[in-house]
Amino acid sequence: MKTFALHFLCTLSLIGSLLAQDAKPTVLITGANRGLGLEFAKQFAAKGYHVIGTARSPEKATELKATGSEVVKLDVTSEQDIADLAESLQGRRLDILLNNAGYFGPTLSVGKGKANIHNLTREEMLNCFKVNTMGPIFITQALLPNLKRSKSPKIINISTRSSQLSVRPGKAWGYSVSKTGVNMVTWNLHGELTKKGFVVISLAPGHNKTDMGTQRAKLTPQESIGKMIPLIENLTKKDSGKFWYYDGSILPW
Ligand SMILES: NC(=O)c1ccc[n+]([C@@H]2O[C@H](COP(=O)([O-])OP(=O)(O)OC[C@H]3O[C@@H](n4cnc5c(N)ncnc54)[C@H](OP(=O)(O)O)[C@@H]3O)[C@@H](O)[C@H]2O)c1
């Protein structure tokens with residue numbers, strides 16, 4: 001009898017906490033354990049959102065946990081992780097999906113100079129595509145049932161000015177090509193989903209001081225995310241299918 005009562009109370013408290021989460025707007029941020037993803041998690045949580053932050057190694061995501069976010073394991077290149085994520089979120093509403101996890105390539109860390117047509121490898125191009133282009137496609141696909149539960153679902157694909165066809169060529173091959181790819185993902189999702197009430201955009205955060213952006217960057221994540229969150233919150237149907245800059249201006253594809 002005692003065990004039954006305990007089980008009943010635990011179930012009640014679980015239902016209570018799920019209902020409390022459901023009352024808040026919910027945002028899921030990939031790659032939320034460091035860099036821009038972590039700052040997004042901090043600022044969304046501070047604004048009263050329920051934040052689901054993903055990390056490849058949740059056990060090491062101490063700063064993310066400290067934001068009060070729900071932390072979920074996700075390698076964006078893993079079919080199994082994506083399927084597990086979708087299953088764990090079954091029946092729950094998602095208002096904003098922020099495809100933030102990104103991979104720049106080895107040019108920063110290996111120190112052999114910039115990637116160029118002579119030293120590019122298939123493996124490296126594939127790594128960039130798997131994280132930066134295919135990740136957002138298949139995470140979006142898996143989480144569509146959750147997004148459809150929202151009255152105004154938003155999909156935000158974090159891109160970069162290096163993806164633009166008008167920038168100086170030859171910069172970070174795999175990164176720039178795969179981010180141009182994610183802009184087309186935005187465009188296709190916009191084409192398919194706006195009639196169902198979705199807003200889908202690409203968003204370039206500017207050059208930020210993170211592991212990827214290095215300390216040479218001008219912007220701090222606090223500054224740029226302080227501008228991007230109100231931008232995301234104020235998006236309406238007419239803003240969908242566009243490439244936004246963190247400061248609220250529109251970039252050419
Ligand atoms: N910083 C800039 O100046 C800048 C400029 C333009 C665009 N961006 C874009 O902004 C986004 C965030 O960049 P950032 O500067 O915060 O980069 P960062 O400091 O290098 O952090 C990258 C994040 O992505 C995660 N990630 C990488 N590969 C992953 C994978 N296979 N599965 C799941 N997560 C993975 C990392 O997780 P681990 O910790 O497990 O590696 C980390 O959480 C990226 O899309 C980037 O392209 C950044």
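Counting starts at 1 for both ligands and their atoms, following the listed order. Since the structure is predicted, the reported quantities are computational estimates derived from the model, not experimental observations.
Residue contacts with ligand 1 leave out Ala55, since none of its heavy atoms falls under 4.0 Å from the ligand. Ligand 1 is never approached by Gly135 to a heavy-atom distance shorter than 4.0 Å. The shortest separation from a heavy atom of Tyr175 to ligand 1 is under 4.0 Å, placing the residue in contact. Under the 4.0 angstrom criterion for non-hydrogen atoms, Pro205 is in contact with ligand 1. Residue-ligand proximity: Lys179 is placed with a non-hydrogen atom under 4.0 Å from ligand 1.
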With side chain to side chain contact (heavy atoms under 4.5 Å, CB included) as the criterion, how do Asn208 and Thr220 come out once you've worked through the C-alpha distance, each side chain's angles and the decisive distance to 0.1 Å? CA-CA 5 Å; Asn208 278 264; Thr220 62; 5.7 Å; no

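Every atom of ligand 1 with a heavy atom of Val131 under 4.0 Å away is listed here by number and element: 28 (N), 31 (N). Near His207, meaning under 4.0 Å from one of its heavy atoms, ligand 1 places the atoms 3 (O). Near Val76, with a cut-off below 4.0 Å to any heavy atom, the atoms of ligand 1 are 30 (C), 31 (N), 32 (N), 33 (C).
At least one N/O-N/O distance between Gly31 and ligand 1 falls below 3.5 Å. Geometrically, ligand 1 and Ala32 share no nitrogen or oxygen pair separated by less than 3.5 Å.
For atom 3 (O) of ligand 1, the choice among Asp75, Asn208, Ile158, Asn33 with the nearest heavy atom turns out to be Asn208. Of the candidates Arg216, Lys60, Arg56, Met212, Met212 brings a heavy atom nearest to atom 13 (O) of ligand 1.
At a heavy-atom cutoff of 4.0 Å, ligand 1 is contacted by no atom of Leu38, backbone or side chain. At a 4.0 Å heavy-atom cut-off, ligand 1 touches Leu36 through backbone and side chain alike.
Donor-acceptor pairing under 3.5 Å is recorded for the side chains of Thr186 and Ser202.
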